[in-house]
Amino acid sequence: MFAASRAQDCAFVRDMDNWAPFLTGYQQHTKLDEQESEWHLKGELGGLTRIAQFKVKILSWNEPDDVTFELAGINEPVTGTGEFAVSMARVESNDLTKPITPAPGKMRRLADRFWRMLVDRIFNAQRKIAPAQAVDPRASETTLRFSVTVTARGMSGPILNVLIAPMLKPVAEDLANKIAAAISALQTRAA
Amino acid sequence: MQQSRDESVEVLVMGSGAAGLTAALAARKAGAEVMILERTGKLGGTTAMSGGIVWVPNNDHMGEVGSTDTRDNALAYLRSLAHGASNDALIETYVDTAPDAIRFLEAETLLRFHALRMPDYHYEFPGGSFGRSLIADLICGGDLGELRAKLRQSPNFPIPITPLDVDRRGAIASFTGDGADGGFLASDEMMSRIENDMLGCGAGLVAGLLKACVEAGVVLRTECRARGLLLEGHAVIGAEVEQNTKLRHVRATRGVIIASGGFERNAQLVRDFVGGPLQGAIGSPGCEGDGLVMAMQAGAALSNMAEAWWVPVLRIPGEEYEGSEFRRPTTIERSMPGAIIVNRKGRRFVNEAHNYNDVTHAFHVFDPVAFDYSNLPAWIVMHQGRLDRHAFLTRFPGDPVPNWLTAAPTLRELAAKIGIDPDGLSETVERFNAHARNGVDPDFGRGASRHDTYTGDTSLHGAFATLGPLNQAPFYAMRIYPGAIGTKGGPKTNSRAEILDHAGVVIPGLYAAGNAMASFNGMAYPGAGGTIGPAITFGYIAGRAAAGGNI
């Protein structure tokens, strides 16, 4: 939750250049047209880092409420959907990710801790310098939600889904928090 | 650099791969106080990144797969590969001791080994056999407690599989997803393994060794790098050690064991010693030749320095391991039907399905007139049918064709794209296809050996397991490089793993094992596990010798 109008949020999100570098493992993105873009993200598994390439297509743009999209791996059999949603202020959890295959038990907990640690390690510095959330009296408070669902398909799908699932929640949380911090910073400067 | 308080142990081991851990355990069980130094933040060395197979002739498990062996048979086989470059005394030591080393591990650790049906890499040579390659059962990573997080992760085997899964299903074809259940292992079994943090391959082997070391009271130090040896006259009495930017002396009253891996990650040492282009090291990032340099400083004689455990490697753009460019080792990428390897003339130059070590020697062929390497650069070339049927690196049948493969609708266009001779490639494929349809390869003998067909598609009969025409467009290519699992040169040792000087005299207190020691096998790679088998065996010997026990 942060101080900005829904219109301001949407304007910020609409231009992916504003927030693309906030995405975990971000390497680069290219706008192919108004609807489609190509993304390169670096991920890690087994000590190996690899750049995954995705095509993202905007499915709907309901300003100022939400934008929905779908994604597809270029080199991997991965598909997914996602949504940015902006709503009036109300305290909500950012726990909006929807892992496809739950991985219960010890491994899931370990993997979850691992990915949280990784995200913290990569982004902690930026978090620390994120500006305090100033309140612009002209702006109402809004809640930004980011949710994403990713499903690996093909022969390796069942295994990959187990490994991917714990990654999504911290990635989504991190992105939403960074966008919120960036919009707040803009508000502060504007004020 | 600050100097901190000195320490003293009885046996100091450098390196935490199979050689170092076995040496430490053997020394500890022989009564010595032992400390392991690992220069990286992760334990397990190159072993943890590997398939974890251990080649042990005349082992106790061969009967499980209907094979037998004798000392004479094993010696005949290893000598058939010698080419005058092997150390015959150490060959005998190895054959005589390796089964005992495995018995020791089965008695003192949770590791339980099984024989694989996998044939030796030169099965048809005198004394060649199968069942000499062993693999340990899966081990639960959670049993390592806090050390679990320090276990080196394998980029090659990130999921808990074991070569036994593949071997029991009738070789590697099942790994490609051709099995009745769509894969080499049922999904629920794989899920169960992941949930229970089971470890296979090299990670499982290291976990078993590590747990035993810790329980026996071996002291482990990570991010702790030996920088030099402490000498008293001719004798080694310890090492200068760096940790947290502080230097201190660690005295070793019974001995120092160098088990710190090869030097394949040290570009200068590779340039100085290795006898052919090495364009992709896949071992642990810590394999920079620390042990080699220290042994040289102590006056060690060196041997086998030009050799490596070779393997052709591929590179998926953007992949890195601990910050360094990552290259992937190849087996089925070369051996499945519908793929060949060509040079810039578009010509084949080797039996692609042969074992990875020996195939790589063909990349090093030198044309004295052109004064150039005849087969560098090289490419794997394949057709759509190959991709439709079998996995290729991380791409499985049915997946999108990745953009790291160069694709073209015709062979000539493919040749033009990768910059090789289109006529040569067209002629090569035409000739290869004509023979492959008949299940023969008169040019390089592909499919004639048991190893070739084991690593091919065993749902197909005989040589057709590896021979098939390239006849379905589009066609694909990927650059392939001569890489190495590790180097195999280092200080000369005797049958007690003691390091020798130039006069052949033992340097008191200094031992070597694993890829840090001069391999007794010359240029040969006898079978799967041919690196870890000697590493464990000479680690076992070195540990007991340093501790003062009977060998």
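Excluded from the calculations below are hydrogen atoms, water molecules and symmetry mates; all remaining heavy atoms, backbone and side chain alike, are included.
Residue contact with chain B, scored on non-hydrogen atoms closer than 4.5 Å, is absent for A/Q27. Proximity to chain A is limited to the side chain of B/F326, based on heavy atoms less than 4.5 angstrom apart.
Under a cut-off of 6.0 angstrom, the local environment of NZ in A/K31 is crowded, with over 12 non-hydrogen atoms contributed by other residues, nucleotides or ligands.
Nearest heavy-atom pair across A/G47 and B/Q153 is N-OE1, 3.3 Å. Nearest heavy atoms, B/P155 versus A/L48: CB-CB, 3.7 Å. Minimum heavy-atom separation, A/I74 to B/N403: CG2-ND2, 4.0 Å.
Rounding to the nearest 0.5 Å places CG of A/N75 at 8.5 Å from CG of B/L405.
Considering only heavy-atom pairs separated by less than 4.5 Å from chain A, the leading option among B/V401, B/N156, B/D399 is B/D399. With chain B as partner, the option from A/G73, A/P77, A/A72 having the largest number of non-hydrogen pairs under 4.5 angstrom is A/P77.
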